[in-house]
Amino acid sequence: MIIEGDQMVRIGRRTFEQLISRDAIDHRIGEMADDLTEQYRDLEPVFIVVLNGAFIFAADLLRACALDCDIQFVKLSSYQGTSSTGVIQQILGVQIPLRGRHVIVVEDIVDTGRTLKYFAELLRKEHPASIEFVTLLSKPDCHETRFESPYIGFEIPNAFVIGYGLDLDGRARNLDSIYQLRDESP
Ligand code: 5GP
C-alpha cells in the first residue's frame, strides 16, 4: 500500500482517492452519539457490532455515547475482493439473551442491504423490545431492500470504499479516513 499525502492511496493496480476526511467522520460520529445518548437514555441498549468492518467506527462511536449498555459482536460476511458474493455467513454469535432488550446493530456500510436483512430476521426471532441500525456509510443506489434509519453517517455514491475499518481483502482497514476506488489499471 502506497499512501500519497492525504488524498491518494495505491494498492497494487488500484488507485483510491479520499472521499471523507477524518475531521468529517469525527464530527458526524459526535452528532450520532449525541442522538443515540438522547434516544436510549435509561433503556440500557445492547449494541451488536458487525465485524470486521465496523470495529473502528464502533470503537469511536461507543466511546462517544454516554450510555449504560452491553456490547456484543457478530461476524457476518458476504464480500470477497470488491464485490458481494450474495451468500452471508454468520461466524460469531451473540452471547446474551436479547428478549425484551433494545438492540442497536452497528454496521460499517449498507450496500445491497442483504447482510442487514438477513441479520434482522435472525434478531426478530429473539424477541427484542426494538431493533435499530446504525451505519457509518450507506450506498442508497445499491439497496435491494428498503433501508431507513435516523443513524446513517454518510450517504455515498456506488463506489468501492476502503479505510476506517473497511478493507480490500484484509488490507487498508487502518487508513484513518475513507477512500473510494478511482481506477484500476489492467
Ligand atoms: P451488503 O450485504 O449490504 O451488500 O454488504 C454489507 C457488507 O459488505 C458491509 O458490511 C461490508 O463489509 C461489505 N461492503 C459493502 N460495500 C463495501 C465497500 O464499498 N467497501 C468495502 N471494503 N466493503 C464493502
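Atoms considered below: every heavy atom in the structure, side chains included; atoms not considered: hydrogens, waters and symmetry mates.
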Check whether I2 and F160 end up in the same hydrophobic cluster, where Ile, Leu, Val, Met, Phe, Trp and Tyr are linked by side-chain heavy atoms less than 4.5 Å apart.
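Hydrophobic grouping puts I2 apart from F160.
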Could you state whether M8 and I162 fall into the same hydrophobic cluster, counting links through intermediate Ile, Leu, Val, Met, Phe, Trp or Tyr residues with side-chain heavy atoms under 4.5 angstrom apart?
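M8 and I162: separate clusters.
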Atom pair [atom1] ([X]) and [atom2] ([Y]), whose distance is rounded to the nearest 0.5 Å:
X: K139; Y: D111; atom1: NZ; atom2: CG; value: 4.0 Å
X: L67; Y: E38; atom1: CG; atom2: CD; value: 10.5 Å
X: L136; Y: I109; atom1: CG; atom2: CD1; value: 8.0 Å
X: C65; Y: Q39; atom1: SG; atom2: CD; value: 12.0 Å
X: T115; Y: E107; atom1: OG1; atom2: CD; value: 6.0 Å
X: F16; Y: I11; atom1: CZ; atom2: CD1; value: 5.0 Å

Kindly list each side-chain donor-acceptor pair under 3.5 angstrom involving residues 42-62, sequence neighbours excluded, with atom names and distances?
| unit_1 | atom_1 | unit_2 | atom_2 | d |
| --- | --- | --- | --- | --- |
| D60 | OD1 | R63 | NH2 | 2.9 |
| D60 | OD2 | R22 | NH2 | 3.1 |
| D60 | OD2 | Y164 | OH | 2.5 |

Heavy-atom pair with the smallest gap, counting every atom of [X] and [Y]:
X: A129; Y: G100; value: CB-O, 3.4 Å
X: I25; Y: S177; value: CD1-CA, 4.0 Å
X: T135; Y: M32; value: O-CE, 3.6 Å
X: T37; Y: A64; value: OG1-O, 4.4 Å

For the pair Q72 (side chain) and Q95 (backbone), establish whether a donor and an acceptor sit closer than 3.5 Å, ignoring hydrogens and angles.
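Pair found, side chain donor or acceptor close to backbone of Q95.
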Is a side-chain donor or acceptor of R28 paired with a backbone partner of G153 at a separation under 3.5 angstrom?
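Here the side-chain-to-backbone pair exists.
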Who passes side chain to side chain contact (heavy atoms under 4.5 Å, CB included) against R13, sequence neighbours left out?
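Only E184, S185 meet the side chain to side chain contact (heavy atoms under 4.5 Å, CB included) criterion with R13.
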Go through the structure and list residues passing side chain to side chain contact (heavy atoms under 4.5 Å, CB included) with S21, not counting sequence neighbours.
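Q18, D23, A24.
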Among L19, I178, D108, V110, the one residue meeting side-chain contact (heavy atoms from CB on, under 4.5 Å) with L137:
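Testing each of L19, I178, D108, V110 against L137, the sole residue satisfying side-chain contact (heavy atoms from CB on, under 4.5 Å) is I178.
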Indicate yes or no: at least one non-hydrogen side-chain atom of [X] is less than 4.5 angstrom from one of [Y].
X: E17; Y: Q7; result: no
X: L168; Y: R14; result: yes
X: D70; Y: R101; result: yes
X: V105; Y: V74; result: no

If the plane angle is over 60° it's perpendicular, under 30° parallel, otherwise tilted; pick one for H102 and Y40.
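Rings of H102 and Y40: perpendicular, over 60°.
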Does the pair L116 and T145 meet the rule for a side chain to side chain contact (heavy atoms under 4.5 Å, CB included), with working shown?
CA-CA 10 Å; L116 286 191; T145 52; over 6 Å; no
May I ask you to say whether E121 pairs ionically with K125, meaning some side-chain N is under 4.0 Å from a carboxylate O?
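Answer for the salt bridge query: no.
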